[in-house]
2 protein chains.
Amino acid sequence: MSKMDLMLIPLIAGFVGVPIVAWLFWWLAKEGTGSLRMRELASYIREGAYTFLKREFKTMSYVIIPLGILLFVLLGWQIAIGFATGTVFSMLAILIGMNGAVRANVRTANAARTSPGRALVLAFRGGAIMGFSIVSLVLIGISSLYFVFRAGPTNPEAVHLLVGFGFGASLSALFAEVGGGIFTKAADIGADLAGKVEAGIPEDDPRNPAVIADLVGDNVGDCAGRGADLFESSADNLVCTMIIGLAFTGTYGWNAVLFPLLVRAIGKLATIIGVFSVRKWGKRGPLASLNIGLSSAAISNLILFYILSRWFMGDIRLFYCLSLGLLSVLIISLIVQYYTGITSAPVRKIAEASQTGASLNILTGLSYGLESAALPMLLIAAVMFSSYQILGGELLGIFGIAMATLGMTEMKGMIQSIDTFGPISDNAGGIAEMSGISREARESLSTLDAAGNVTKAITKGYGLTKCILSSVVILFAYIFVLCQYQGITLTSLSDIALYLNVANPVIIAALLIGATVPFLFSAFTLRATSKAASKMVDEVRRQFKEIPGLLEGKARPDYSRCVDISTKHSLKQMVPPILVGLIAPIIIGFTLGVWPLAAFLLGVTIVGGLLAMFMFNSGGAWDNAKKFIEAGHFGGKAGVAYPAAVMGDTVGDPLKDTAGPSLHILIKLVNILSITLLPLFLAYSIL
Amino acid sequence: MSKMDLMLIPLIAGFVGVPIVAWLFWWLAKEGTGSLRMRELASYIREGAYTFLKREFKTMSYVIIPLGILLFVLLGWQIAIGFATGTVFSMLAILIGMNGAVRANVRTANAARTSPGRALVLAFRGGAIMGFSIVSLVLIGISSLYFVFRAGPTNPEAVHLLVGFGFGASLSALFAEVGGGIFTKAADIGADLAGKVEAGIPEDDPRNPAVIADLVGDNVGDCAGRGADLFESSADNLVCTMIIGLAFTGTYGWNAVLFPLLVRAIGKLATIIGVFSVRKWGKRGPLASLNIGLSSAAISNLILFYILSRWFMGDIRLFYCLSLGLLSVLIISLIVQYYTGITSAPVRKIAEASQTGASLNILTGLSYGLESAALPMLLIAAVMFSSYQILGGELLGIFGIAMATLGMTEMKGMIQSIDTFGPISDNAGGIAEMSGISREARESLSTLDAAGNVTKAITKGYGLTKCILSSVVILFAYIFVLCQYQGITLTSLSDIALYLNVANPVIIAALLIGATVPFLFSAFTLRATSKAASKMVDEVRRQFKEIPGLLEGKARPDYSRCVDISTKHSLKQMVPPILVGLIAPIIIGFTLGVWPLAAFLLGVTIVGGLLAMFMFNSGGAWDNAKKFIEAGHFGGKAGVAYPAAVMGDTVGDPLKDTAGPSLHILIKLVNILSITLLPLFLAYSIL
């Protein structure tokens with residue numbers, strides 16, 4: 001096949017997703033939606049989610065449209081088109097995915113009434129809609145742009161123009177994650193503090209005015225936010241691996257550029273195999289079903305890696321790098337499970353410390369959270385070091401690192417499916433609770449929910465490893481593009497040592513400044529969440545006070561008012577952190593210059609990665625310490641430890657679901673933004 | 001004067017401290033020690049503090065003696081002697097300083113009964129004993145070793161051997177700070193949680209069994225711990241500035257090496273002027289008196305900087321660098337006061353958030369704490385960048401950075417005096433409260449205590465800026481020594497670019513690993529404190545339950561049992577974090593090698609600095625938010641906000657007083673340890 005024909009494979013693979021998604025929707029539509037009350041609740045959630053998304057897209061447009069015009073004027077039509085496609089495709093993916101999720105939730109709740117196993121398949125396939133949308137739209141977007149820009153061996157620079165797509169996807173993801181994250185945690189904390197702690201009513205109780213907002217939050221935060229996150233990281237990784245491939249056409253020919261796309265395209269097959277091997281659960285519970293899906297996807301991927309590395313690239317070492325990346329995903333998920341799993345030692349210790357009050361619960365959680373950042377980071381260093389050495393170190397070693405991240409990213413479709421499975425089960429549980437369906441159905445849904453907590457931990461472990469390694473790859477793409485602009489023929493890493501000398505105080509200063517950005521950004525996202533949450537607490541308290549008979553269950557709370565408050569405040573509060581992310585690299589690029597900017601990016605990546613891990617794991621551990629006590633340990637729900645554990649959980653919530661995930665996106669955004677704006681920095685640097 | 005004669009100046013300046021310290025003790029001894037009850041309480045505190053110190057020194061000896069022998073065998077007698085002198089002098093300085101503090105506390109309390117102004121002078125001069133001990137012993141130690149090693153223009157390498165002194169001082173400081181920090185916060189949290197929160201008795205109430213342990217903690221943690229910290233940073237900074245000076249004898253002759261010592265020696269004059277210009281306070285309160293002391297020291301220093309730079313070195317640009325360092329101390333203390341001052345916006349916001357419960361208090365505090373790390377870091381980057389540029393960038397620029405840190409360190413004597421003033425006033429307040437002396441005396445002591453909180457904030461702001469910049473200087477000393485070992489004649493920073501290339505994945509991996517160390521270390525120190533605190537909570541609960549009539553004030557609690565628990569657990573728990581600090585750089589040195597080790601050190605420095613700032617400022621802000629509510633805002637002590645604020649304070653306590661300060665020392669320890677062990681890494685590297 002000629003190179004042009006080969007490029008049709010990813011495009012076709014992308015379009016194969018369309019009938020699959022359509023089939024999944026059709027399959028879902030056939031399922032029953034339960035009682036009138038269930039349908040009513042589901043429609044509240046659906047409406048709330050759509051309203052939020054509509055208003056969020058509107059807010060985004062105020063930033064994205066002018067920015068697109070600016071890019072067009074300053075950097076040409078290709079970057080602008082890429083940027084537009086990236087944002088629109090990202091929004092489209094999460095819109096389709098969320099549509100699937102808000103349809104699947106009520107159907108999952110209904111299925112649980114008759115067959116718990118069927119409920120699992122429903123929730124999972126609902127999640128797979130998001131998974132396939134992302135995988136497909138990334139492939140369609142990037143391969144179409146490849147054609148539109150007429151990229152190819154005769155026009156290699158055109159590959160650089162693909163960064164516009166990555167930039168668009170990243171910016172869109174940052175909005176989705178920060179906005180959705182604030183929304184969901186404001187509602188969650190508001191519902192917990194004012195409802196559970198103060199009024200003493202159980203979780204998901206229909207009397208709680210913030211309960212619908214909380215369920216909407218699962219969809220717009222956990223589902224849409226995380227979807228946008230995976231869309232962007234998938235897009236950025238693909239674009240940057242291709243850019244890095246450009247530097248190795250001497251070794252592998254044009255295949256170096258096509259390889260990442262082909263791996264993705266053919267790897268989609270693995271996702272299809274994985275998704276459809278998840279079946280009703282038998283004796284071994286829902287996690288076993290999901291594990292079958294994950295393992296079949298992993299094995300299929302390994303086989304495909306082998307075939308492509310061996311025969312397409314003629315270099316079996318690429319297979320080792322790809323596999324190393326894929327396997328590290330498994331290891332990291334074990335580490336995360338050790339720190340956050342409900343029966344793990346750290347979680348037990350946190351639960352135990354709760355007996356002496358909330359302070360020691362918080363301190364113990366902080367302590368394990370800080371500790372938990374170490375092992376994954378060491379693993380990342382090891383994967384980086386090994387994949388670099390597998391290809392012999394030096395310049396080609398960088399391609400090895402890129403391959404490792406490509407291997408990691410391959411599991412994306414499956415991971416996204418099981419991740420979206422989480423909020424769908426959570427929603428289904430909420431609907432079941434509020435509509436008062438049978439006890440058995442609720443119990444089987446809570447089994448699903450517990451499985452969802454484990455899958456969320458896996459996704460986070462996966463996300464964080466991939467994010468940091470991917471950012472290193474994006475950083476190298478930045479360096480490679482920079483060399484090209486500056487006319488440096490890169491034959492060895494030493495060629496650029498002069499510009500990136502750690503002993504140069506300017507480089508140290510840039511690293512230092514980069515390292516502060518994640519702190520500032522997290523400060524803003526946490527503050528935003530606290531502010532929005534305190535508005536929610538006020539509103540819930542107000543409704544309890546002003547609506548007569550509400551606590552006795554005689555009157556209905558005003559759910560929509562709470563949804564409104566979360567929407568309004570999250571959209572207002574999401575702007576400052578996003579501005580920090582956009583402006584900081586631009587200032588460094590124009591002042592300290594383009595080489596120190598690389599050090600700045602590394603500073604953001606390393607510190608952002610550590611902080612995010614700390615936030616994920618401490619949040620997860622606090623959450624499960626609470627669940628551990630709820631399960632009857634250390635005095636159970638009635639004991640002194642329980643309120644302390646609830647406190648810890650509400651502190652951890654915005655860490656793990658707002659600030660942490662947003663940091664991930666920030667890291668990639670600053671990196672890809674720097675590549676996109678590089679020509680401007682070079683043209684208008686002031687120092 | 002010949003070079004050898006010049007060297008007598010620092011030695012003499014060092015010994016000048018002896019009569020001053022002796023005079024201060026004599027002056028203190030003349031003061032009255034109050035009632036029998038006061039003397040009794042003071043003796044409990046004194047005994048507790050000495051017992052702890054004795055047992056701590058014993059625990060330290062298990063590590064320090066074998067390590068000294070190892071250094072002797074592997075690296076020669078000079079390093080071993082330096083190491084021994086560094087540890088012994090450090091212990092001696094804190095022993096003398098703490099002796100002054102435990103004498104001054106009861107006298108301050110007594111003086112407050114007749115003259116509040118006199119109480120201030122007493123507390124401050126008690127603190128000055130620590131200040132002068134440190135300044136003098138550092139000078140005596142380093143200049144004696146200079147003579148013993150026969151360092152000089154004909155034997156320049158001997159200057160490198162001084163690192164042994166720095167290493168000894170650092171290791172001793174790490175023990176003192178980690179051990180003392182765990183002790184004080186276990187007692188403080190234990191007293192607060194079990195006494196204040198659960199039993200509802202006020203602060204410093206004699207019925208609280210942990211109250212004496214808490215007061216002992218002020219001495220062994222805040223006083224001895226911080227003293228050891230300043231001793232080490234002063235020693236490390238001096239040694240490393242001299243090592244860096246070695247590289248510039250081409251420009252400045254041997255004066256480049258002598259200059260740092262002379263600046264210190266003559267700068268001691270400024271400390272004397274500063275200390276003795278602190279007088280009884282008049283209408284404008286105690287802070288005005290302390291400010292007079294600080295400003296006279298600062299102005300005297302600036303004059304001395306000018307004279308020495310102009311006439312001794314013949315380069316007025318050094319004066320700019322030194323002054324820049326000194327002035328940055330003032331700016332940073334303003335930033336810290338903005339984030340932690342009792343009337344500042346962040347503190348008010350945290351207090352306000354407490355109204356919706358402890359979760360939002362914690363989240364808001366975390367948020368401002370994270371934010372507060374940004375500005376100081378940017379200031380550090382700016383000072384580094386400017387002092388580098390003042391000397392024309394390139395290699396000589398590094399000398400400029402060293403000068404800036406030297407300028408900062410000059411204020412040390414004064415800063416340590418006002419810092420130790422804090423725990424002395426705190427102790428005096430405790431003694432006054434417990435012995436029930438007059439209301440007016442207690443009020444004037446609480447004014448002193450409030451002033452002590454501000455001075456603590458200044459010290460911390462000072463400490464953190466100096467720590468990070470100093471570590472950069474130590475890192476350069478490491479690089480310079482390394483070049484010498486490897487036979488690299490350093491004429492430009494580019495000469496080493498190849499080895500320190502940020503684009504090299506091995507360097508990135510080393511940075512990454514270094515960045516995880518502060519997370520792991522803080523995790524361990526926090527965990528240690530939580531564990532020790534929970535033992536204390538159990539003990540206080542036990543005494544309340546088992547000693548009849550205790551809560552009614554009819555029986556005496558068993559104070560010494562609580563002191564014992566703090567002592568035992570802090571000494572047991574301090575080992576794991578210290579091992580992390582010692583082992584991590586050794587592993588990297590032997591495996592990844594000596595150049596990546598430089599990147600590792602930078603990773604530790606940057607991330608450690610950020611984390612420490614976050615911890616200091618969030619802890620300080622939580623503390624003052626509680627005080628703000630105690631002052632009657634947001635419902636005061638009786639309102640719903642108060643318990644939430646107390647919670648926040650107990651979470652912040654170990655952050656700001658254990659983990660944060662310990663991190664400071666860790667950062668310097670890993671750097672100085674790496675210089676000390678460099679010959680071993682070169683000889684036995686395994687990769």
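Chain naming here is simple, since letters A, B, ... match the order of the sequence lines and numbering starts at 1 in each. Just so it is clear, the values below take in all heavy atoms, side chains as well, and ignore hydrogens, waters and symmetry mates.
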Asker: Has the side chain of N617(B) got a donor or acceptor atom that lies under 3.5 Å from a matching backbone atom of F614(B)?
Answerer: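 No, the answer is negative, given that no donor and acceptor are paired below the 3.5 Å cut-off.
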Asker: Are any of the side-chain nitrogens in D538(A) or K535(A) under 4.0 Å away from the carboxylate oxygens of its partner?
Answerer: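 Salt bridge between D538(A) and K535(A), a charged N being under 4.0 Å from a carboxylate O: no.
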Asker: Give the member of Y499(B), F519(B), Y368(B) that has the highest number of heavy-atom pairs under 4.5 Å with chain A.
Answerer: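 Most pairs with chain A among the choices: F519(B).
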Asker: Heavy-atom pairs under 4.5 Å with chain A: which of T516(B), T650(B), I513(B) has the most?
Answerer: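 The candidate making the most pairs under 4.5 Å is T516(B).
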Asker: Do the non-hydrogen side-chain atoms of L395(B) and S492(B) ever get within less than 4.5 Å of each other?
Answerer: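 Counting from C-beta outward, L395(B) and S492(B) never come under 4.5 Å.
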Asker: Rounded to the nearest 0.5 Å, what separates atom CE in M615(B) from atom CG in D657(B)?
Answerer: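 If I round to the nearest 0.5 Å, the distance is 12.0 Å.
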Asker: Let me know if L375(A) has heavy atoms under 4.5 Å from chain B in its side chain, its backbone, both or neither.
Answerer: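 L375(A) has no heavy atom closer than 4.5 Å to chain B.
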Asker: Hey, which of A381(B), S372(B), P518(B), A353(B) has the most heavy atom pairs under 4.5 Å with chain A?
Answerer: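 Option with the greatest count: A381(B).
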Asker: Taking only residues two or more places apart in sequence, or in another chain, which ones meet D653(B) in a side-chain hydrogen bond (donor to acceptor under 3.5 Å, both in side chains)?
Answerer: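 K656(B).
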Asker: I'd like to know which of G369(A), A528(A), A503(A) tops the heavy-atom pair count under 4.5 Å against chain B.
Answerer: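 Result: the option with the highest number of such pairs is A503(A).
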Asker: Look at T529(B), V646(B), L520(B) and state which one has the largest set of heavy-atom pairs under 4.5 Å with chain A.
Answerer: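 Among T529(B), V646(B), L520(B), the one with the most close pairs to chain A is L520(B).
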Asker: Just wondering, do M647(B) and N361(B) contact through their side chains at under 4.5 Å, heavy atoms?
Answerer: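 Side chain of N361(B) against side chain of M647(B), heavy atoms only: no contact under 4.5 Å found.
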Asker: Count the heavy-atom pairs under 4.5 Å between each of I479(B), L511(B), I401(B) and chain A, then report the option with the highest count.
Answerer: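 Top option by heavy-atom pairs under 4.5 Å: L511(B).
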Asker: Which answer fits F521(A), side chain, backbone, both or neither, if we ask what part of it has an atom under 4.5 Å from a heavy atom of chain B?
Answerer: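 Neither part, no heavy atoms under 4.5 Å.
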Asker: Heavy atoms only, distances under 4.5 angstrom: which of A659(A), A358(A), S367(A) has the most pairs with chain B? Name it, please.
Answerer: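 The option with the most such pairs is S367(A).
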Asker: Would you say W622(B) and L655(B) make side-chain contact, with heavy atoms under 4.5 Å?
Answerer: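 The answer is yes; the side chains approach within 4.5 Å.
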Asker: Using non-hydrogen atoms only, which part of L193(B) is less than 4.5 Å away from chain A: side chain, backbone, both, or neither?
Answerer: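 When you check distances to chain A, only side chain atoms of L193(B) fall under 4.5 Å.
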Asker: Say you draw a straight line from OG of S359(A) to CG of D649(B); how long is it, rounded to the nearest 0.5 Å?
Answerer: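 Rounded to the nearest 0.5 Å, the OG-CG separation comes to 9.0 Å.
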Asker: Suppose the criterion is salt bridge (charged side-chain N to carboxylate O under 4.0 Å, His left out): which pairs have a residue in residues 509-534 of chain A, not counting sequence neighbours?
Answerer: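 Salt bridge (charged side-chain N to carboxylate O under 4.0 Å, His left out) check on residues 509-534 of chain A returns R527(A)-E371(B).
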Asker: Do the side chains of I496(B) and W595(B) get nearer than 4.5 Å, heavy atoms only?
Answerer: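 Contact flag for W595(B)/I496(B) side chains = yes.
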Asker: L360(A) versus S354(A): any side-chain heavy-atom pair under 4.5 Å?
Answerer: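 With C-beta onward as the side chain, the pair stays apart.
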Asker: Is it the backbone or the side chain of V537(A) that comes under 4.5 Å from a heavy atom of chain B, or both, or neither?
Answerer: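 It is the side chain, since no backbone atom gets that close.
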Asker: Non-hydrogen atoms of chain B under 4.5 Å away: do they reach the side chain of P654(A), the backbone, both or neither?
Answerer: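 For P654(A), the side chain is the part near chain B, not the backbone.
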Asker: Backbone N or O of I350(A) within a donor-acceptor pair of the T364(A) side chain at under 3.5 Å?
Answerer: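 Checked: no pair found.
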Asker: Counting heavy-atom pairs closer than 4.5 Å to chain B, which one of A509(A), G648(A), A497(A) comes out on top?
Answerer: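 Highest number of heavy-atom pairs under 4.5 Å: A497(A).
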Asker: Considering only heavy atoms, which portion of L512(A) lies under 4.5 Å from any heavy atom of chain B: side chain, backbone, both, or neither?
Answerer: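 L512(A) touches chain B through backbone and side-chain heavy atoms alike.
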Asker: Using non-hydrogen atoms only, which part of L363(A) is less than 4.5 Å away from chain B: side chain, backbone, both, or neither?
Answerer: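 Both backbone and side chain.
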Asker: Using modelled atom types and a 3.5 Å cut-off, is there a donor and acceptor pairing between side-chain atoms of N501(B) and backbone atoms of N501(A)?
Answerer: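 Judged by distance alone, no pair lies under 3.5 Å.
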Asker: Which residue out of V502(B), L378(B), L526(B) racks up the most heavy-atom pairs below 4.5 Å with chain A?
Answerer: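 Max contact count across the listed options: V502(B).
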Asker: Quick check on the structure: residues of residues 597-607 of chain B within a heavy-atom distance below 4.5 Å of chain A, by number.
Answerer: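 Hits under 4.5 Å: L602(B), I606(B), V607(B).
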Asker: Filter on salt bridge (charged side-chain N to carboxylate O under 4.0 Å, His left out), then keep only pairs touching residues 386-402 of chain A, sequence neighbours left out; what's left?
Answerer: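 Output for this query is empty, none listed.
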